[in-house]
Chemist: 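If you scroll down you'll find the structure; I have some questions about it.
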Amino acid sequence: MTTTTATATATDPALDGLPDVPRPREVPPGEARELTRVFFERLRSLEEGTPEYQYVRNTLIEMNVSLVNFAARPFRDRPGGPENEDIVQVGVIGLIKAIDRYELDRNTQFSTLALPYITGEIKRHFRDTTWAVRVPRRLQELRTQLARSTEDLTSATGHAPTPGELAEHLDLTEEEVRQGLVAANGYSTQSLDAPTGPAVGGEAAPGSAQPAHTLAETLGDTDHALEAVEDLHALAPLLSELDERTTRILELRFGQEMTQRQIGVEIGMSQMHVSRLLTRTLDTLREQMLRD
């Protein structure tokens, strides 16, 4: 995030006696603390919205970006998190809020107020933007509690805690813990095209001719043919009870896909008779299967 120092300079009359800071971001931290107090003393004497006020305020922001870099350090390289530059930009928003709320008369270091504002803004950004699936804030916070408690209990007991142990540790019900564990799955997602085999990037593993499979290829799907298998198992004992002629007609109709006329010629009966036999047989089989 960049700030504008456009219309006022340290040489303006309203800024007489104020140190000239041509490169605020390059000021060492110790010197920045001293200059920050000087600039805050001048800021409260200026009218908000004037070029002089904006110059002093923007200089304060630039001088204290090092606080943002310090606060952002623990959040770098989080899985699914934003780039470092984005974290710093979000942290600068917290820094600006701290500058606008700092009261010099309280006689406290500016960093004491600024760091919680900066850290809070970064945490809020992670909470609101980095979840792959949007879940209620209550469950987002519960995920963090569960992660900490899981680590503590694992260290203490030597095994991964059960939902009951987590519930007792956090003074929650098991149902609340289970909700939190399910919600935690929404924090990050994996592409269905991601390789799951020993090879990386979809290439064959060394010494293997087989390429790695993607996650999508390992997921099951509804196999409608299984219903046919169940039907065949249920139908087999019923077919075994049919007489030889009826069995032959069914074989010619559904096995060899012959027409009723061709079946009549094959077994020496009229097409009408074949049609009646098929209708009666299929109705009987259907009734028996549904009854069973």
Side-chain angles (χ1 to χ4, degrees), residues 80 131-136 139 143 146 150 159-167 173-292:
W131 280 72
V133 178
R134 184 68 176 157
V135 300
L139 295 178
R143 170 189 171 272
L146 288 172
T150 298
H159 65 83
T162 65
E165 291 171 335
L166 286 169
T173 65
E174 284 196 38
E175 180 60 27
E176 289 173 322
V177 169
R178 294 184 191 280
Q179 287 182 357
L181 293 174
V182 171
N185 294 328
Y187 182 73
S188 62
T189 57
Q190 184 177 8
S191 171
L192 290 176
D193 295 325
T196 59
V200 178
E203 300 177 356
S208 172
Q210 297 295 328
H213 293 291
T214 65
L215 181 60
E217 292 173 322
T218 65
L219 297 177
D221 197 0
T222 302
D223 189 350
H224 298 287
L226 290 176
E227 297 180 6
V229 173
E230 294 177 355
D231 291 342
L232 287 174
H233 276 284
L235 188 60
L238 301 178
L239 292 175
S240 65
E241 297 175 359
L242 298 176
D243 59 69
E244 184 177 348
R245 184 183 65 174
T246 303
T247 302
R248 177 63 175 161
I249 292 174
L250 291 176
E251 180 186 352
L252 294 174
R253 180 69 184 94
F254 299 104
Q256 301 183 27
E257 298 184 349
M258 295 174 62
T259 65
Q260 293 178 2
R261 186 171 186 176
Q262 291 172 328
I263 294 172
V265 173
E266 177 72 21
I267 64 176
M269 65 174 57
S270 68
Q271 177 183 345
M272 181 66 69
H273 195 183
V274 171
S275 176
R276 288 173 179 169
L277 283 173
L278 278 172
T279 301
R280 185 171 67 244
T281 302
L282 294 176
D283 286 345
T284 300
L285 292 173
R286 185 179 299 108
E287 181 182 352
Q288 290 177 321
M289 289 187 66
L290 290 176
R291 184 175 65 245
D292 293 343

Chemist: Can you tell me if Ser275 uses its side chain to pair, donor with acceptor, with the backbone of Gln271 under 3.5 Å?
Modeler: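 Side chain of Ser275 to backbone of Gln271: no pair is present.
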Chemist: For the CE atom of Met258 and the CD atom of Glu251, what is their distance to the nearest 0.5 Å?
Modeler: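 Those atoms lie 10.5 Å apart.
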Chemist: Test Leu239 against Thr247 for side-chain contact (heavy atoms from CB on, under 4.5 Å), laying out the working first.
Modeler: CA-CA 7 Å; Leu239 292 175; Thr247 302; over 6 Å; no
Chemist: Of all heavy-atom pairs between Glu266 and Leu252, which one has the smallest distance, and what is that distance?
Modeler: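 Closest pair (atom of Glu266, atom of Leu252, distance): CG-CD1, 3.7 Å.
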Chemist: Should the heavy atoms of other residues, nucleotides or ligands under 6.0 Å from NE2 of His159 be counted, would the total exceed 12?
Modeler: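 Yes, the 6.0 Å shell around NE2 holds more than 12 heavy atoms from other groups.
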Chemist: Please report the interatomic distance CG(Leu238) to OG1(Thr284), rounded to the nearest 0.5 Å.
Modeler: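 Nearest 0.5 Å value for the CG-OG1 distance: 10.0 Å.
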Chemist: With rounding to the nearest 0.5 Å, note down the distance linking CG in Leu278 to CZ in Arg253.
Modeler: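 Going from CG on Leu278 over to CZ on Arg253, the span is 7.0 Å.
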Chemist: Is it the case that more than 12 heavy atoms not belonging to Gln256 sit under 6.0 Å from its CD atom?
Modeler: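 Yes, because the 6.0 Å sphere around CD of Gln256 holds more than 12 heavy atoms from other groups.
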Chemist: Any non-hydrogen side-chain atom of Thr281 less than 4.5 Å from a side-chain atom of Ile249?
Modeler: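 A side-chain contact under 4.5 Å is absent here.
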Chemist: Applying salt bridge (Lys or Arg N to Asp or Glu O under 4.0 Å), which residue pairs with at least one partner in residues 176-185 are found, sequence neighbours left out?
Modeler: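 Matches after skipping sequence neighbours: Glu174-Arg178.
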Chemist: Looking at every non-hydrogen atom in both residues, tell me the closest pair between Thr259 and Gln262 and how far apart they are.
Modeler: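 Shortest heavy-atom contact: N-OE1, 2.9 Å.
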Chemist: Charged N to carboxylate O below 4.0 Å: is that the case for Arg286 and Asp283?
Modeler: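 Yes, this pair counts.
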Chemist: Can you see which heavy atom on Glu165 is nearest to which on Pro161, and at what distance?
Modeler: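 Glu165 and Pro161 have their closest heavy atoms at OE1-CA, 3.1 Å.
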Chemist: Looking at CG of Leu235 and OG of Ser240, how far apart are the two atoms once the value is rounded to the nearest 0.5 Å?
Modeler: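 Going from CG on Leu235 over to OG on Ser240, the span is 9.5 Å.
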Chemist: CZ/Arg245 to CG/Leu277 distance, rounded to the nearest 0.5 angstrom?
Modeler: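 Output value for this atom pair is 5.0 Å.
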